[in-house]
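This report refers to the structure that appears directly beneath it.
Values below: every heavy atom of this structure, side chains too, minus hydrogens, waters and symmetry copies. Worth saying up front: this structure is predicted, and the values here are computed from it rather than measured.
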Amino acid sequence: MTRAELLERLRSTPRWDVLVVGGGATGLGCAVEAASRGYSTLLLEARDFAKGTSSRSTKLIHGGVRYLAQGRIGLVREALAERALLLANAPHLVHPQRFVVPVYRHLDRLTLDIGLSAYDWLAGQRSLGPSRLLSAGETLALLPTVQTRGLLGGIAYMDARFDDARLAISLMRTVIGLGGLALNYLPVDDLLHDKGRVSGVSARDAESGETFEIRAQVVINAAGVWADQLRRLDDAGLPDRLRPSQGAHLVLDRDFLPGDSALLIPHTRDGRVLFMIPWKGKVLLGTTDTARQDLPEEPRPFREEVDFILDTAGRYLPHAPARQDVRSAFAGLRPLIGAGAGSTASLSREHVIEVSRQGLVSVAGGKWTTYRLMGEEIIDRAAASGGLPARAGRSRRLTLHGSTASPTEDVHGCERAAIDALPGARVRLHPGLDLSEAEVRHAVRHEQARSIEDLLARRHRALFIDARVALECAPAVAALMAGELGWTAQQTLEMQEAFRRVAEGFLVEP
């Protein structure tokens, strides 16, 4: 459906059973769950789907080895169960991934073996393969560029990687396929109340300025790090529930980690782990945990975060990466639950559901791996709060939009044939990217891409793969989108300038 058709459907539907505010992992999970139960469902996103935190993750669907070390057994068990469901329901976006932990101390070998054996046990029948001890030679065969000085061996275990932004787009398409409605660039300006209860929202189309008063049986606040702002529209005196934390990531060429295995560094000086993951023909490094007091729309890695990641990686690679080797750098804000001062590394990655006295259902915290389970729990609470008929969830066995019969690395999955039938299927827009003219047209017509950033950051991951290449590709994308969306010459220039400003934040200066 075109955006005009989606907006017309919004105008013609005065009331909804469930209205979700926020188009990240949590909001999309809620909307899919609600629509799958047969509730009339509307999701509104202020910017683009997964514009914030949900496109800036470490690209892992995992139980969380670090959470196991912290004793959060329940969280790990839940996450491993959800990992299995995602591998089955989105085989075009979620894939098994082998991780190798190089070992340089005998004690580490023992503790890691015990911990990863427990990880295997918690996965049970959902295991992707047992962890195993490796000799030094076997470790080098899987990690050819790892530091050999003092190497005793390693441990290999299995988890999963994914494309976060593409999973968000798949969920958006799934909502619409189930009869719901999901729209981007429709920020909520206020909550509506009737007889002391939240009864809907006042929203605005960011493109045209058209305003909407939308009624709903229940409103769900899934606005991520901005959730406290929406909570205070319901009750101005509420204290903050969330304490944002920034996680930074760097992208390098595959020369730094050739092969198919990811590398896990189990101990960093801030008490975290560091991942080096093969992703989209590059290597993704991350992450950090830096407390923030502000909520910028475009968070950027701090210089000290970049240096920390490079320094930590350099201790495990004989050829240490430098700032000039970084192809792209990005940061996301985690909506962690907590208050006060101190480190955010110990704050919970679990989620909390709150129902206000006025009936606003808010969710705080959470992570991509458990988005579906969160949606299930939230819709149970929302249905009860809003007086909706109780209905069992269907999302556990619900294949997501684009799903294929067998795993594939093509993020478009079963839509590939339809995309290749569009004009320009064989015309690549840049020699450094696998993006075609047809994929741009498809993203505009069917995936609600409204800007160059939408296209090059989230429909295709060019900006996250190589920011300079994305900048070089932007004029060609702009020309195609102008033809699809009817931009004037001035609008096209403005769109390119807006993208340039965003893309420059992904560059690392030497």
Is it true that [X] and [Y] make a salt bridge, defined as a side-chain N closer than 4.0 Å to a carboxylate O?
X: Arg323; Y: Glu509; answer: no
X: Arg204; Y: Glu210; answer: no
X: Arg47; Y: Glu453; answer: no
X: Asp454; Y: Arg450; answer: no
X: Arg3; Y: Glu207; answer: yes
X: Asp194; Y: Arg215; answer: no
X: Asp234; Y: Arg231; answer: no
X: Asp159; Y: Arg83; answer: yes
X: Glu497; Y: Arg501; answer: yes
X: Glu439; Y: Arg459; answer: no
X: Arg37; Y: Asp17; answer: no
X: Asp240; Y: Arg232; answer: yes
X: Glu78; Y: Arg372; answer: no
X: Arg56; Y: Asp164; answer: no
X: Asp311; Y: Arg269; answer: yes

side-chain hydrogen bond (donor to acceptor under 3.5 Å, both in side chains) evaluation trace for Ser362 with Asn221: CA-CA 4 Å; Ser362 294; Asn221 170 15; 3.1 Å; yes
Just verifying a value: how many Å separate [X] [atom1] and [Y] [atom2], rounded to the nearest 0.5 Å?
X: Ile277; Y: Gln97; atom1: CD1; atom2: CD; answer: 7.5 Å
X: Leu471; Y: Leu456; atom1: CG; atom2: CG; answer: 9.0 Å
X: Arg461; Y: Trp279; atom1: CZ; atom2: CH2; answer: 4.0 Å
X: Ile169; Y: Asn184; atom1: CD1; atom2: CG; answer: 8.0 Å
X: Leu463; Y: Ile452; atom1: CG; atom2: CD1; answer: 11.5 Å
X: Leu274; Y: Met276; atom1: CG; atom2: CE; answer: 7.5 Å

Side-chain donor-acceptor contact under 3.5 Å, Ser245 with Arg334: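 Yes, because at least one side-chain N or O of Ser245 sits under 3.5 Å from a partner of the opposite role on Arg334.
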Side chains of Gln246 and Thr288, donor plus acceptor under 3.5 Å: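 Result is no, nothing qualifies.
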Full working for salt bridge (Lys or Arg N to Asp or Glu O under 4.0 Å) between Asp228 and Arg241: CA-CA 7 Å; Asp228 282 335; Arg241 176 180 285 276; 5.9 Å; no
Parallel, tilted or perpendicular, as decided by the 30° and 60° cut-offs, for the rings of Phe275 and His62: perpendicular
Parallel, tilted or perpendicular: ring planes of His442 versus His446, cut at 30 and 60 degrees: tilted
Check: Glu33 side chain, Asp380 main-chain N or O, donor-acceptor pair, under 3.5 Å: no
N/O donor-acceptor pair under 3.5 Å between Ser385 side chain and Arg381 backbone: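 Not confirmed, Ser385 side chain does not pair with Arg381 backbone.
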